[in-house]
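Below is one structure, written out as structure tokens, with a few remarks after it.
Any value given below was found using the heavy atoms of this structure, including those in side chains, with hydrogens, waters and symmetry copies removed. Nothing here was measured: the structure is a model prediction, and the numbers come from that model.
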Amino acid sequence: MINHATATVKNTVVATGAQLVTLASQFTMQIVFVQTMSANYLGANGLFNNLMNILSFAE
């Protein structure tokens with residue numbers, strides 16, 4: 001049986017990894033959409049929001 005401390009560390013690592021993958025994929029998709037559909041269509045606001053999310057996560 002796995003002890004509580006090991007389960008906590010494993011859960012933290014998996015949750016952090018999932019959050020990083022989600023942030024990176026959102027940022028990448030926004031970049032792709034802005035480049036293919038132009039910033040006028042999608043607006044630069046979403047791109048800057050993603051940048052702020054990444055910076056706040058790094059903090």
Side-chain angles (χ1 to χ4, degrees):
M1 183 164 220
I2 196 166
N3 66 16
H4 185 65
T6 305
T8 302
V9 169
K10 186 177 179 181
N11 188 30
T12 302
V13 169
V14 169
T16 302
Q19 185 71 23
L20 286 173
V21 168
T22 301
L23 284 173
S25 64
Q26 287 176 346
F27 182 72
T28 303
M29 291 305 295
Q30 189 70 32
I31 292 288
V32 169
F33 285 149
V34 167
Q35 288 179 351
T36 57
M37 295 181 187
S38 83
N40 291 332
Y41 182 71
L42 292 174
N45 190 31
L47 178 63
F48 293 124
N49 283 338
N50 284 341
L51 282 171
M52 293 305 292
N53 284 337
I54 290 172
L55 292 174
S56 68
F57 185 73
E59 181 185 1

Fill in the blank from the handout: Rounded to the nearest 0.5 angstrom, the CG-OG1 distance for Asn3 and Thr6 is 3.5 Å

Fill in the blank from the handout: Between the NE2 atom in His4 and the CG atom in Asn11, the distance rounded to the nearest 0.5 Å is 10.0 Å

Practice task
Measure from the side-chain N and O atoms of Thr16 to the backbone N and O of Val13, and report whether any donor-acceptor pair falls under 3.5 Å.
Solution key: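 No, Thr16 side chain to Val13 backbone: no donor-acceptor pair under 3.5 Å.
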
